[in-house]
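Before any comments, here is the structure.
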Amino acid sequence: MTSSRTPLTSLPDDELHAFLARQEQAYADLQAEGLRLDLTRGKPSAAQLDLSDALLTLPTTTKDGAGTDVRNYGVLEGLPELRAMFAELLGVDPAQVVAGGNSSLTMMYGVVVDLLLFGGVDSPRAWSQEEQVRFLCPVPGYDRHFAMLEELGVGMVNVDMHQDGPDMDAVEALVRDDPSMKGMWVVPTYSNPTGAVVSQEVAARLASMPTAAPDFTIFWDNAYALHHLTEAETKSADIISLCSASGRPNRVVMFASTSKISYAGAGVAALAASVDTVAWYLRHLGKSSIGPDKVNQLRHVEFFGSAEGVRAHMRRHREILAPKFAAVEDALREGLAGLDVATWSRPLGGYFVNLDVMDGTATRVVRLAKEAGIALTPAGASFPYGRDPRDRNIRLAPTMPVLDEVRVAMAGVATCVALAAAERVIATRGSDD
Ligand code: PLP
């Protein structure tokens, strides 16, 4: 029984070696199963994608509510009905929303590039003309955020992500006197990968903190704003109003998309910010685009009908996803509770479970899992430059496989975690001699 287990580090040597032998046997059995399972990326499952298949026969008309022919060029800022729908979902004014193409990540990239090339509304000069440009990166975080900055030559400074958001004492101290600190990532609701939710208090501090850079920009990536796993549908802090009330209306740019609501490859993305920042963004966007894919935008307007239609749709996603997250929790508890070798998140939404294994064993766990046919996200992926200073963090993505596969894969992961921990404890004791 899990509750009667002794922490691994408290076991006497003989029992520890017996434990290791049991894990080695369990691992050999696992390998013999010849599994081919994948928990690497946060993709929707086929069953989730099926929920949106009515999109394939939409739109039913070629004109939007304002009479615009969606087949033609134009309407750079996106269709009014879609902007209004995003505005309601994100708690902002429609005039503050740009509805774009199929990827919010592309919009984020565009904003960073525009800031580097031209500077933003409050910038004294283009960021590329600064001696150094750096971002605060709450960790663990989203690997593609970090890869983007690395690609663009923007420096990254880690700050811890707590359950209520980034470590604000660290954030405030880092931005106060250092003008090279130009921005930060925040995934405010059900963050990737820990599931953390930024509290009102943390949001208010982010909005009002003094920064040496006058154009410090928060990239508020609300990718999982509506992706609840329980009936308690957490509301995101209203960061745009908070920034505006603090006299820093241009401090934040918000992003969202329907990638994990409708189709991951053919959804619609949105950006929201102050009216001045929206005008700045569109001014630059207008040089590279004559308008978004309005046919797909109208298709989404017709499919969802309203913001409430989106919320109802997300409840159907929840029915598919919640059992998978429960399976992760069950497998980890069954395999690891009481051993004191790992902690993990119990997210109320989003796409990931954050698993922290014994320090120095994450790389080993991922390799063991791979050699048993279970693909995990590479260790360190949730940190800038792929470097987890404690080599302990593993991001689990249980959404894509079917439920039975999640169960099997996670039981296997638990075996790998226990095996790597036992090896580590034995090695550490050996080196103490
Ligand atoms: N932001 C976060 C935090 C994500 O986890 C993801 C996808 O996993 C994205 C953005 C990608 O969004 P999009 O598909 O809109 O580009």
Side-chain angles (χ1 to χ4, degrees), residues 38-45 48-49 52 55 78 82 85-86 89-90 97-113 135-149 151 156 161 165-166 183-198 218-229 234 236 239 252-272 292-293 296-297 300 310 314 317 321 325 345 347 349-354 376-378 381-384 393-400:
D38 189 340
L39 295 178
T40 53
R41 301 254 28 130
K43 293 185 189 177
S45 61
Q48 289 174 269
L49 297 172
S52 296
L55 282 170
L82 188 62
M85 191 186 291
F86 271 119
L89 292 168
L90 298 173
V97 176
V98 177
N102 75 328
S103 164
S104 61
L105 198 67
T106 303
M107 295 178 109
M108 294 173 219
Y109 192 92
V111 172
V112 179
V113 168
F135 264 50
L136 291 179
C137 297
V139 291
Y142 177 38
D143 53 355
R144 291 184 195 274
H145 285 162
F146 306 148
M148 181 191 300
L149 294 186
E151 160 108 342
M156 291 179 266
M161 187 71 172
M184 77 184 288
W185 295 112
V186 180
V187 181
T189 310
Y190 310 133
S191 81
N192 175 352
T194 69
V197 176
V198 171
I218 298 169
F219 285 66
W220 187 263
D221 177 2
N222 220 345
Y224 301 103
L226 307 167
H227 303 55
H228 314 290
L229 285 168
T234 304
S236 304
I239 190 72
V252 66
V253 186
M254 187 186 281
F255 302 89
S257 77
T258 68
S259 288
K260 283 147 188 166
I261 296 176
S262 58
Y263 289 157
V268 282
L271 163 161
D293 177 350
N296 196 33
Q297 293 195 346
H300 277 77
V310 178
M314 291 312 287
H317 279 272
L321 289 178
F325 281 80
S345 59
Y351 260 53
F352 303 99
V353 172
N354 187 64
L376 298 177
T377 313
S382 299
F383 290 74
N393 186 260
I394 297 173
R395 184 185 81 166
L396 301 169
T399 57
M400 172 105 152

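Small disclaimer: the values here were computed from a predicted structure and weren't measured. Counting starts at 1 for both ligands and their atoms, following the listed order.
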Taking distance alone, with no angle check, do [X] and ligand 1 share an N/O pair under 3.5 Å?
X    : answer
N192 : yes
M108 : no
H145 : no

- Could you tell me whether the side chain of S345 and the main chain of P347 form a donor-acceptor pair under 3.5 Å? no
Provide, to 0.1 Å, the distance between [atom] and the closest protein heavy atom, together with that atom's residue and name.
atom                    : result
atom 16 (O) of ligand 1 : S103 OG, 2.8 Å
atom 1 (N) of ligand 1  : D221 OD2, 2.5 Å
atom 11 (C) of ligand 1 : Y142 OH, 3.6 Å
atom 14 (O) of ligand 1 : S259 OG, 2.6 Å

Heavy-atom distance under 4.5 Å between the side chains of [X] and [Y], does that happen here?
X    : Y    : answer
M254 : I218 : no
Q48  : L321 : yes
P140 : N354 : yes
F135 : H145 : no
Y224 : F352 : yes

- Message: When you measure from the heavy atoms of K260 to every atom of ligand 1, does any distance fall below 4.0 Å?
- Response: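 Yes, that is the case, since the closest heavy atom of the residue is under 4.0 Å from the ligand.
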- Do T189 and S236 have side-chain N/O donor and acceptor atoms under 3.5 Å apart?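 Indeed, the side chains of T189 and S236 share at least one donor-acceptor pair under 3.5 Å.
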- If you measure from atom 12 (O) of ligand 1 to every heavy atom of S104, A223, G101, which option wins on shortest distance?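 Result: the heavy atom closest to atom 12 (O) of ligand 1 is in S104.
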- Shortest non-hydrogen contact from S191 to M161?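 Answer, listing the atom of S191 first, then M161: CB-CE, 3.9 Å.
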- Query: For ligand 1, which atoms, with element, lie under 4.0 Å from some heavy atom of S257?
  - Reply: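 In order of number, 13 (P), 15 (O).
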- Within the 4.0 Å heavy-atom cut-off, what Y224 brings close to ligand 1 is side chain
